[in-house]
Structure formats: structure tokens, C-alpha cells
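Written below as C-alpha cells is the structure these notes are about.
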Protein chains: 2
Amino acid sequence: MSTKIKIVLAEDEPNLAQIVKESLETRNFEVFLASNGEEAYKLYKNSNPEILVLDVMMPKKDGFTLAKEIREENKQIPIIFLTAKSQTKDVLEGFEHGGNDYLKKPFSIEELIVRIQSLLNRNSLKIDVNNIKIGNYLFNYTKQTLQLKEETATLTHRESELLYTLYQNKNEISDRSFILKKIWGDDDFFNARSMDVFITKLRKKLKLDENIQIVNVRGYGYKLIC
Amino acid sequence: MSTKIKIVLAEDEPNLAQIVKESLETRNFEVFLASNGEEAYKLYKNSNPEILVLDVMMPKKDGFTLAKEIREENKQIPIIFLTAKSQTKDVLEGFEHGGNDYLKKPFSIEELIVRIQSLLNRNSLKIDVNNIKIGNYLFNYTKQTLQLKEETATLTHRESELLYTLYQNKNEISDRSFILKKIWGDDDFFNARSMDVFITKLRKKLKLDENIQIVNVRGYGYKLIC
DNA sequence: TCTAAGGGTTAACAAGTGTTAACGTGTGTT
DNA sequence: AACACACGTTAACACTTGTTAACCCTTAGA
């Protein structure tokens with residue numbers, strides 16, 4: 001069960017691109033290579049990668065713009081920028097555009113790989129599904145429990161899924177349609193009403209901590225504030 | 001509610017240490033400064049920091065050894081190494097010892113801060129959207145609340161967006177068309193009238209502080225005076 | 001097989017939110 | 001002063017969401 005980790009690599013300079021691609025493949029990554037931003041976006045959509053490595057200056061769509069677009073739909077995936085620019089200002093800009101790391105050319109392949117590994121590890125550590133802090137509550141996603149001090153309440157499967165989904169986008173809007181497709185499989189009238197019912201149920205179970213709220217954003221979805 | 005983020009900084013070169021410490025404090029971090037590895041370990045144990053910034057070459061206990069020790073008891077806390085070494089080999093070693101990032105001297109303070117922010121996964125570079133002072137009111141953009149002393153009123157999503165937009169240009173004109181495109185998506189007759197309705201609603205909710213006004217600039221837009 | 005319990009969906013109605021309409025007021029121009 | 005036009009305000013309306021309860025289905029145990 002050792003499926004390869006998928007990487008989308010966007011780099012317009014062919015020689016460099018080839019070297020990096022091969023080096024990554026040697027390390028048992030599956031590399032999807034794009035030579036411009038638009039192509040990279042398509043590869044991202046189709047291949048469902050674990051991580052993105054983006055050159056900043058590319059034809060058609062630069063790395064920053066691309067990252068911004070991808071961040072709008074995916075806040076989790078790690079992004080590493082590669083660039084010839086070496087000004088601190090550019091590094092700042094990279095992080096502002098949602099990058100997680102920034103490597104200045106010329107860089108060593110080894111360092112790139114280490115930084116990739118680091119981001120992948122961090123990501124997998126990121127949410128401990130058995131120990132999620134939501135305000136004063138402790139939410140255990142696998143056990144489907146919500147603990148406040150000594151009191152432990154159990155959640156149903158739907159409740160647990162919904163809370164987990166909201167948590168993944170905490171303090172930001174979770175799109176109604178996104179939630180519905182993810183948990184109910186389809187966005188239709190009845191599922192939508194059902195979801196609203198579960199929002200009510202969650203609010204009840206979360207109301208012992210006033211700092212936690214599930215706020216509605218009419219027409220868009222819900223925000224878990226914590 | 002907005003307690004400072006604690007950082008343990010270990011750096012044996014006093015001048016550099018002082019500069020970094022002050023820069024971080026300017027950014028509202030609480031810095032615990034150690035001049036060697038052993039001291040840093042004690043500070044780590046006592047202050048319960050959110051992140052560690054460790055020089056690699058230090059007296060008594062070097063940064064790598066220290067990181068390794070800390071990693072045995074805490075796998076979560078982010079660690080950034082600072083070093084004069086610039087060989088890739090050292091970068092690798094840094095990550096092997098459980099570091100999350102690695103900065104080569106000389107580095108820019110800005111870059112350090114951005115990398116800290118990135119690891120902490122927060123953007124406190126932005127204005128704190130949970131704590132916006134408007135006159136005597138406290139406006140929480142994510143919670144969509146307006147607080148005056150003990151009274152907390154809730155805003156709807158549109159109200160909150162509008163107030164936030166006006167606030168971003170406080171004391172200057174926010175262009176009608178700009179607001180409409182940003183919040184309503186399009187500048188047409190009906191959306192414009194809708195916006196005017198929301199201006200009325202906001203004025204009502206803000207009238208408890210006489211010093212705050214939303215003034216109209218005929219033909220151009222609105223100004224939030226505060 | 002019957003029954004009870006739990007979980008999820010559907011139904012029904014209440015409450016909240018945003019848009020549209022209608023009319024009023026102010027401002028600048030001729 | 002008369003006029004056109006931008007904005008202010010209120011209310012009606014349509015639509016979305018909140019809440020409760022009834023209902024249905026599955027499962028486990030008597």
C-alpha cells in the first residue's frame with residue numbers, strides 16, 4: 001500500500017524542470033510537470049496532488065496568481081514557490097499569496113526535497129482527529145465524542161462529519177454546496193434542509209461555550225467561529 | 001483574549017540576539033531570550049512557548065541537540081534553525097533533527113517573521129479582524145458582532161461586509177461602484193438601492209456613538225468617519 | 001416476529017435576511 | 001423657483017434558514 005505521493009511541478013525552464021522532475025521521481029514521488037501556470041492548474045485539478053511546487057515567473061499565469069486561485073478552493077495543500085528573485089520583499093509576497101515555503105534559485109535539489117518532506121509531515125500531523133480543540137471542548141472525530149471538562153457527549157455520525165468539515169475551514173465560510181456534496185453526496189433541496197437540522201443540533205451541543213458559534217452566511221454557507 | 005505569542009529565541013551572539021528580540025517584540029511577540037542551549041531548554045520548559053527559534057552553534061548545547069531533546073517530548077512545536085553554515089548538508093541535518101524551517105545567516109528579519117507566521121499559521125500581519133475598534137464600538141468581523149460596552153448586537157453578513165469595507169477606507173471615500181462590485185458582485189440600479197438600505201441599517205446600529213458617522217459624498221460614495 | 005431505540009429525513013411553521021417598491025428629502029443646476 | 005437627480009427611509013415581499021416534531025428505516029434484543 002505504498003502509493004506514490006503526487007506533486008505538481010510548474011517550471012518553464014525545460015532543463016531545470018527535467019532535472020527536478022527526475023530527482024523527485026528518484027525519491028519515489030509521482031511528478032506532474034507543467035510548463036506554465038494554466039497547464040499547472042489543469043494538472044492540479046486532474047491529478048489531485050498532495051503538494052505543489054510552483055515557479056513564480058511563468059508564461060500565461062504566474063505562480064503567485066495561480067497560488068491565489070488554488071487557495072480559494074483549497075486552503076490545506078502545501079505550496080512551495082521557486083524563484084530567481086532574491087529580494088525579501090518577494091519572499092513576503094510569496095507567503096502572502098498563500099505559499100508555505102519559498103526557495104530561491106539556485107537551490108539544491110536536496111533542500112527542495114527536505115522542504116517538501118517537511119511540509120508533508122506537518123500536514124499529516126496537522127489535525128489530530130482524536131484530539132481536536134474547539135473552544136473549551138475536545139472533539140474526537142473518530143470516537144464521535146464532544147468533551148467539556150468532565151462531561152462527554154456523543155455525536156452521531158452525521159453530526160461528527162459536519163462538525164469536522166466546519167472545523168477544517170474554521171473561522172471561514174464553509175460553502176453549503178461543498179458540505180452537502182461531501183457529506184450527503186448531493187446538493188438538493190431535502191439534503192439542504194437536513195443539513196440545517198444538523199446545524200441546529202450542533203449549535204445545541206456547542207452552546208456551553210459562548211465563544212463558539214456557528215454563524216450563517218446567507219446564500220453561502222456556515223462559519224464555525226472558535 | 002489577544003495574548004501575545006511566546007517565542008523562545010536562542011542566539012549566543014549578543015548583538016544579533018538583541019536586534020532579533022526587539023524586532024519580534026515590535027511585532028507583538030513575547031520573546032524569551034537564551035544565550036546558550038541549556039538556558040534555552042529551561043526557558044522552553046518554563047514559558048510554554050508556541051515556537052522556537054534556535055541558533056545552531058551555541059555554547060553548552062548546540063541547536064540540533066537541543067531540538068532533538070525537545071522533539072522527544074513535543075512533536076508539535078515548530079522549530080526554526082538559524083545558522084551561519086550555508087551548506088545544503090546542514091539544512092538537511094536541520095530537518096532531520098526535527099526542525100521545521102532553516103534560515104541561513106545573514107537573513108532578513110522580515111523573512112524570519114514571515115516564516116514564523118507561516119509556521120504558526122496565522123496572519124497577524126493583517127489587521128485583527130476580530131477586534132476592530134470603531135469609535136467606542138468593538139467590531140468583530142468574523143463573528144459579525146458590534147459591541148458597545150456590555151451590549152453586543154449582531155450584524156448580518158451584508159452589514160458586516162459593508163462595515164468592513166467602509167472601515168478599510170475609514171475617513172476616506174469608499175467608491176459606490178467599488179463597494180457594489182465587491183459585495184454585491186455588480187453595480188446596477190437595484191443593488192445600488194439595496195446598498196443604500198444597508199447604509200441606513202448601519203447608521204442605526206452605529207448611532208450610539210455620536211462621533212461615528214457614515215457620510216454620503218454625492219455621486220461618489222460614502223465615508224466612514226471615526 | 002415483535003418491539004424499542006437510535007439515527008436520519010421530511011414536514012410544517014416561525015424567524016431572519018435581503019431585495020424591491022414607493023415615497024420623501026436634500027442638493028446642485030438652470 | 002423649478003427641476004432633475006441622488007440619496008434616505010420605511011415597509012412589503014420573497015426567499016433562506018431555524019426549530020420542532022412527526023415520520024421512516026434499520027438494528028438489536030426479547
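Note that these values count all heavy atoms, side chains included, but never hydrogens, waters or copies made by symmetry. Order of the sequence lines fixes the chain letters, A, B, ..., with proteins taken first and strands second; residue numbering starts at 1 for each chain.
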*What is the ring orientation for Y141(A) with Y164(A), classed by angle as parallel under 30°, tilted 30 to 60°, or perpendicular over 60°?*
parallel
_Nearest whole Å is fine: how far is dA6(D) P from R176(B) CZ?_
9 Å
*What nucleic acid atoms does T156(A) come within less than 4.0 Å of, heavy atoms only: base, sugar-phosphate, or nothing?*
sugar-phosphate
*Calculate the interatomic distance between I179(A) atom CD1 and dT17(D) atom P; express it in whole Å.*
11 Å
*Quick one: CD on E50(B) to NZ on K4(B), what's the gap to the nearest 0.5 Å?*
13.0 Å
*So, does R71(A) use its side chain to make a donor-acceptor pair with the main chain of I77(A) at under 3.5 Å?*
yes
*asked:* Under 4.0 Å between a side-chain nitrogen and a carboxylate oxygen: does that hold for R115(B) and D101(B)?
replied: yes
*Extract, from 5' to 3' on DNA chain C, the first and final nucleotides lying under 4.0 angstrom from some heavy atom of chain B.*
dT17(C) to dT27(C)
*Starting at CG of L162(A), measure out to CZ of F198(A) and round the result to the nearest 0.5 Å.*
8.5 Å
_Classify R158(A) by what it touches in the nucleic acid, base, sugar-phosphate, or nothing, heavy-atom distance under 4.0 Å._
sugar-phosphate
*Can you list every pair that meets side-chain hydrogen bond (donor to acceptor under 3.5 Å, both in side chains) and has a residue in residues 213-226 of chain A, with sequence neighbours left out?*
D196(A)-Y222(A)
*N/O donor-acceptor pair under 3.5 Å between Q147(B) side chain and K149(B) backbone*: yes
_Any T200(B) side-chain N or O less than 4.0 Å from OP1/OP2 of dT9(D)_ = yes
_Under 4.0 Å, heavy atom to any atom of DNA chain D: which of residues 184-197 of chain A qualify?_
R193(A), D196(A), V197(A)
*Heavy atom of residues 202-210 of chain B under 4.0 Å from DNA chain D: which residues?*
R203(B), K204(B)
*Residues E111(B), K104(A): salt bridge by 4.0 Å N-O rule*: yes
*Note the angle between the end axes of the helix from dT1(C)-dA30(D) to dT30(C)-dA1(D), five pairs defining each, rounded to 10 degrees.*
10°
_Under-4.0 Å side-chain N/O to phosphate OP1/OP2 contact, Y220(A) with dT17(D)_ = no
*asked:* With a 6.0 Å cut-off (strictly less than), is the heavy-atom count around NZ of K60(A), excluding the residue itself, greater than 12?
replied: no
*asked:* Going by salt bridge (Lys or Arg N to Asp or Glu O under 4.0 Å), E159(A) matches just one of R203(A), K201(A), K205(A). Which one?
replied: K205(A)
*asked:* Is it the case that the side chain of Y167(A) and the backbone of I132(A) share a donor-acceptor pair, with hydrogens and angles ignored and the cut-off at 3.5 Å?
replied: no
*Spacing of F198(B) atom CZ relative to dT9(D) atom P, expressed in whole Å*: 15 Å
*Using the test salt bridge (charged side-chain N to carboxylate O under 4.0 Å, His left out), find all partners of K68(B) that sit at least two apart in sequence or belong to another chain.*
none
*Do K61(A) and Y41(A) meet the cation-pi criteria used here (NZ or CZ under 6.0 Å from the six-membered ring centre, within 45° of the axis)?*
yes
